[in-house]
Amino acid sequence: MTAMLLDTVSWLLISGGAFFVVTGGVGLLRLPDVYARMHAAGMTDTLGAGLFIAGMAVQAGFSLVTVKLLLILLVILFTSPTATYALANAVWSGGVQPKRLDGTACETIDRSDGPSTS
Amino acid sequence: MLALHFPALQVVLPLLMAPVCVLLRNARLAWLAALAISWATFGLAAFVLAEVLIGGPISYALGGWAPPWGIEFRVDSLNGFVLFIVAGIGATVMLFAPHSVEREIGNDRAYLFYTAFLLCLAGLLGVTITGDAFNLFVFLEISSLSSYVLISLGQDRRALYAAYQYLILGTVGATLYLIGVGLLYQATGTLNMVDLAHRLGALHDVRGVRVAFAFLSVGLSLKLALFPLHLWLPNAYTYAPSPVTAFLAATATKVAVYALLRFLFTVFGAEFSFTILPMGPPMAVLAVLAMFTASIVAIFQENVKRMLAYSSIAQIGYMVLGISLVTVDGLTASILHVFNHALMKGALFLAMGCVYYRISSVHIDDFAGLAKRMPWTAAAFVGGGLSLIGVPLTAGFISKWYLVLAALERNMWPVAALIVISSLLAVIYVWRVVEQAYFRPPPAGKDVREEAPLGLLIPTWILVAANVYFGVHAGLTARVAGQAAQTLLGGAP
Amino acid sequence: MGGVLALAWLLLSGHYTPLILSFGLISVIAVVAIALRMDVLDHEGLPIHLTWYFPGYWVWLAVEIVKANIDVARRVWSPSLPISPTLFLLKTSQPGELGQVIYANSITLTPGTVSVSLADGHVLVHAIAREVGESLAEGEMDRRVARLEASGVNARSPVPPEA
Amino acid sequence: MELLGLYNYWIVFFLMMCGFYIVIARGNLVKKIVGLNIFQASVFVFYISMGKVSGGTAPIIIEGATAYSNPLPHVLILTAIVVGVATTALGLSLVVRINEAYGTVEEEELGEMGEDA
Amino acid sequence: MTHHLVLRVIAKLLIPFIMLFGLYVQFHGDFGPGGGFQAGVIFASAFILYALVFGVDVARKVAPDWAVRTCIALGALIYGGTGLVSIFRGGNYLDYSVLSADPVAGQHLGILVIEVGVGVTVASVMMAIFFGFAGRGR
Amino acid sequence: MFIAAAAAILITMLLALLRAFIGPTLYDRILAVNTFGTKTVLMIAVLGFLMGRPDFLDIALLYALINFIGTIAVLKFFRYGDLGRAGERDS
Amino acid sequence: MSPAEAIIAAVLVPLAGAVLIAISGRWPNLRETVTLVTAVILFAVVLSLAPAVADGARPTAILIQTLPGVPLAFEVEPLGMLFALIASGLWIVTSVYSIGYMRGNDEHNQTRFYVCFAIALSSTMGVAFAGNLLTLFVFYEVLTLSTYPLVTHHGDEESVKAGRTYLGILISTSIGLQLVAILWTWLIAGTLDFRLGGILSGRADGTMTAILLALYAYGTGKAALMPIHRWLPAAMVAPTPVSALLHAVAVVKAGVFCVVKVVIYVFGIEFLSLTGASEWLMYVAAATLLIASLVAMTKDNLKARLAYSTVSQLSYVVLGAALATSWGVIGSGMHIAMHALGKITLFFCAGAIYTALHKTEISDMDGIGRQMPVTLTAFLIGALSIIGLPPMGGMWSKWYLILGAVEAHQLVFVGALLISSLLNVAYLLPLVARAFFLPPRAPVTQSVGAVAAPGKGLADGIREAPLFCLVPLCMTALGCVALFFYADRVYALLTQIAAP
Ligand code: NA
Ligand code: NA
């Protein structure tokens, strides 16, 4: 019973992971410019990878495998945003302006003095 | 009994001393270490050769795994002979090295030279001694990689480009070889050469085996610089530092010739290589083309090292020609020439090292009056040159003797004529240098005696003397080569 | 630090023989030695001081991440592609650099926002849609990270981390 | 059908030709190294695809042997990859030094500076 | 102006763990695949990350050229020297079963030691290559 | 189930590869390759799980690290033409 | 000293001499003493072998086992004995002459000269005593190489060119043809040893034999058969003692010696005459001897004329061998000796004239007989011997050659020999006539410093060369006469190998 429950949970988790991973892949193709595509890539590395690993961890139970799986997730959670930041920063300092869907440069909103009140 | 381990030790000692040279750093210490090890290796090689000649082939199982499961080192009269000459040249070049390295490489990078040299030596010995086809690849690459490094140590910036070209072509050759080995492994499930030979006997019609044969032959031909796959050689020999050129010219291509012999005759068997697959005629044609094209090109070279490099390509033609005859005398000629050519090219390139040491050039114009400035060096060049031409009482004569004999024996008159004519081309290019050295006045103000130091002259003359010794006492080498040739043709080693 | 590393070793290893354990000890000592040599063992490199408040923050962030993922997934799949990329310049209220980095990485970790540049107490954020950026600009995450860092500083030492 | 069954050979062959073409046709020394890598990679693929060894029964020369621990293709290929990596590293370091010495990594320009001096 | 903040902080965090992971793989080599070679790669990658973020000059101070060179040589010596030891203990070259009274334990010991040699060499060679290439410009 | 998961990852890898080929900018390609790499990590983990080889997880971990360091190195190289500069500065 | 030791000594004594000469190079007097002593010892050693050989003994010695089955070995037989005696004997006189000539002309690099000369003599002994074809070939090649520095002695452009021709022709023919012939012989006969009656006899057919003979005859470039004779006139640039070495003592003699030896011991004269394989060679030899004589007549330079004379005379020897009859072979062997003494006399004279008067062209030599009566008398004697008139040794060899031609029923060659003798008269005697009977053309103003009369002013007009030059040429001239009277000894020796 428990085993079946665990299987179901794991199946659900992994299906979810698969959904977000594929969504990320689609976004990588659909979105208009490199900045926007980073969001899609981020999906695959956060919820995509997270759900996958969670699903496998549920299968594995409390074991060395789970520890290692969580370690992998931890590494991904640390390195992925760092790599993305490094890339974004490189793109930005390379002078590439983010674009809107219609191809015009997107506006910059300064909120350094607090959230909008309007 | 330590003597049991000599086959392994002669590869392992230089391999282990290479990192020690890195640790030592100091040019002099590194040299002493390399010198000691290369002479020890030479001693081991001599011992092993003697043992093989008396007691027959020796097999040494690495890691205690009995062949064909583990890697086997296997020495018979053929590779015992090649080991002997490679180790001998290595030891002699090491004697030569310190002055030359100081002058051409610089003492701060000297340890790099000694390390790469020992690795190269170990690699070449390993290629020669191993009885495992894949292990041969590994050793081949050890020697090749270290020889790229050695060549790139040359003073001229073109040395870098030469090393690069050699790297590209050498790697292509090694990769082709690796594919061949893979195909053989797929067909037989073994990598041990003796085991391969046994199994291939029943697999002559398998397509994979024939494809393997093609890949192995082309790959090894690239490594041994068989015309027209020789393009890497001239630049590499020209721009490498003198001791490197001497060592590589005397050993690297020879070891590849050995590997080719091993595969054609021991692994595939003469019947497969030359009867089922007609390898003889194409090899003979390429060999003759090499002999003529390269000799003629050599005549027109202005850089003497480059001239000798082209001469090497021509001389490789002789070795391959002997192989293509598939007779005991033909193989004897090839094996003898592997040995003798190592002696003559070693002597000649060491003489080039002496010249470069004093004159900083090996351009033929700068040889003017060399006999006055460096009489012993010039005489050494003449000695090596005479051997190259094949004058009696030199080692070169003995090779030529057997080669022409083998051609006549098979009633191949035109081939015999071509051998003789091409060897006369050697007279022309050697004599161009001799006339320059002896009959042109030295440039103004250089009319002084400035002989190379004894440290350079002695090793050079050791090799010149060896040319004479093995030209006079050829019974020794001819017997070993003959025995090796018989083994190759007799099938089982 | 050594403790954390030793714990990591034990988690990874799965072999608890004396030999392997002693290797583990040697390894931990070696790594600590090298890390000291590299000068990477400071508050930035070893955020132990964030321990107590840290899990709470993680849980909050995880929820945010899930929400953001769903939001972005919706945008990606909807045929009209409802996005309006916008750049936001936000102030970072964390006193230390570590806090700022946590903040910036948290922004990137939640899909829909990516930090593009972090400098001089400001972070430049690319948002996939204007409203996503506006909700970030409300400052919830900023405040939580600032609190996280402040708790660590108070727990460990009165001296503020390098500015 | 037989041709399709040998698909791994076709992949190997294709990679080989690609690599070889790049080595021959490209004038840029770095690209040549890349080509060389592809060329070597074809061999790695070949060894990996060599799952089953057809003649791989017990060795003949020693009768009655039971243990059969011939090196596995993946061990061989690991060795070959190490060799390949070493070659690539050495090749690239040569290219770097050529670039420092000549100021170019294009074969044509190197050739122009060729034989004189 | 600050240094590349995000990278620096994350690198400081990761590097010790990467090194530890490398050593873990090193000593668990004979239980899983890999062993020395992978371990060397991982360990070196920690240094490479360090050099990427903090600069090669800083990394060279941590791991000076002479040390790297020495490690290359030492690793190779460990590898080959173990084989020599077996010769002196009456076995063939690389025959580790003679290293201990119990052949299996000897084999284990031998493999462990040579894996250390491999790991040290690979790590230091990779570092040497990276240091050699980095900073030479395009 | 795991095969379906593997297929999903594979699809994403292919999509990433497609993006890597389309580009259009260098940064698009780097992003795509990095994504491809992280999906490879997942793939190795899933495969290891599928084949009952927990030691594959070590490889996955290794690959995750290499992917990260590789991305940083490539970025640094293309931004400065040099890997050896002391710490980068923000724009 | 046992005969075997004597053989080895004959090869090694000049080598040891060469080493000592090199060491003593800084002290010319010592150096030349060493040369002379070595020459005398060598002659004594060779002479010690002669009685036994004359009595029919064939001493042997093995130097080194070079190749399996083919050692470097020696066997002394009459022809080689004769050759060795001539060469070692003439070395003594040539050495004496060299001292006078080299000092008289203030030549450079004299040590190298003496060293190479000694090595050449060592290899000549090797050639003379060779017991098999390999040994013959090896020493033949060493002879070529050791004489190269002598030919190019002056080191100027002309000598370098001459050296190129010399080495080019000799090396390419020997390696290109002779070596192939030897290897072919080895394949056919299974041995390379010299055996009376021939090792090839009965093992090869007529065509094959003819081809092999051609390979040997043209492979022996030193025999200077046309058209490979060009090296010999070219080598005239060398100092006169070298010319003596080339033309009389060693080099060309080694060439024709090889041909005769191969004919007798490899083919066998009976086999050759049976197959008729040597007939073509008779024609080539006859053509060479006639054409060379004609060319000689056109040369005004004395040494060039003598060189072509040598080309012609060598073909006498080859012709005798090609006739493949006993008389022919005896004539050949004898002509080696007779020509050696005659030609060396002529060259010594030419050198003496050059040393004393610095004249090289015959047209300049009018009336010099009054200044150099002794030299010109010797020249006359040498010339008569070459022509083959009594009472000179040359008469006998020509006589036997004619007998040989008759024996072979080749009367054409009798005619050729006779015509050529007439041509000899025509190119040799005019000089003597000019020198004695014509008045000097120009006033004798050239006073040559180095030859400033070494205290022997017999008459005011006498300007002979130094004694070191003069004595040797007198001795060889006397030798020419002596050989006329002692020809029976030579005859007896040679009948051992070719009994008529
Ligand atoms: Na060579
Ligand atoms: Na090579």
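Just so it is clear, the model here is predicted, and its values are computed rather than measured. In what follows, every chain begins at residue 1, and chains take the letters A, B, ... in the order their sequences are listed.
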Test log, rule side chain to side chain contact (heavy atoms under 4.5 Å, CB included), inputs W186(G) and L408(B): CA-CA 10 Å; W186(G) 165 256; L408(B) 289 181; over 6 Å; no
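- Nearest approach of T66(G) to G471(B), heavy atoms of both residues: CG2-O, 3.9 Å.
- By the neighbour-count criterion of 12 heavy atoms within 6.0 Å, atom CZ of R112(G) is densely surrounded, having more than that number from other residues, nucleotides or ligands.
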Derivation and outcome, side chain to side chain contact (heavy atoms under 4.5 Å, CB included), residues E409(B) and L187(G): CA-CA 7 Å; E409(B) 200 176 47; L187(G) 282 175; 4.1 Å; yes
H473(B) and Q65(G): CA distance, side-chain angles, deciding distance, side chain to side chain contact (heavy atoms under 4.5 Å, CB included) verdict: CA-CA 7 Å; H473(B) 267 280; Q65(G) 282 290 348; over 6 Å; no
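- Between chain B and the residues G155(G), S174(G), G168(G), the most heavy-atom pairs under 4.5 angstrom are made by G155(G).
- At least one side-chain heavy atom of L179(G) sits under 4.5 Å from a side-chain heavy atom of F397(B).
- For I175(G) against G390(B), the heavy-atom pair with the smallest separation is CD1-O, 4.1 Å.
- Of all non-hydrogen atoms in P392(B) and F137(G), the two that sit nearest each other are CG-CE2, 3.4 Å.
- Going from atom CG of L183(G) over to atom NZ of K400(B) covers 12.5 Å, rounded to the nearest 0.5 Å.
- Heavy-atom pairs under 4.5 Å with chain G peak, among Y438(B), W413(B), Y402(B), at W413(B).
- The CZ atom of R164(G) sits 9.5 Å away from atom CZ of F439(B), with the distance rounded to the nearest 0.5 Å.
- With a 4.5 Å cut-off on non-hydrogen atoms, I428(B) does not touch chain G at all.
- Contact detail for A478(B) and L67(G): the closest heavy-atom pair is CB-CD2, 4.4 Å.
- When heavy atoms are compared at a cutoff of 4.5 Å, I398(B) approaches chain G solely by way of its side chain, counted from C-beta outward.
- Using a 4.5 Å cut-off between heavy atoms, V404(B) contacts chain G through both its backbone and its side chain.
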From CA spacing to verdict: side chain to side chain contact (heavy atoms under 4.5 Å, CB included), Y148(G), W431(B): CA-CA 12 Å; Y148(G) 172 79; W431(B) 232 255; 2.8 Å; yes
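- Considering CG of L145(G) and CD1 of I389(B), their distance stands at 8.0 Å, rounded to 0.5 Å.
- No part of S159(G) comes within reach of chain B, as not one of its non-hydrogen atoms sits under 4.5 angstrom from that chain.
- Neither the backbone nor the side chain of T477(B) comes within less than 4.5 Å of any heavy atom in chain G.
- The contact between I64(G) and chain B is made entirely by side chain atoms (from C-beta outward), counting heavy-atom distances below 4.5 Å.
- More than 12 heavy atoms of other shown residues, nucleotides or ligands fall within 6.0 angstrom of atom CD in E450(B).
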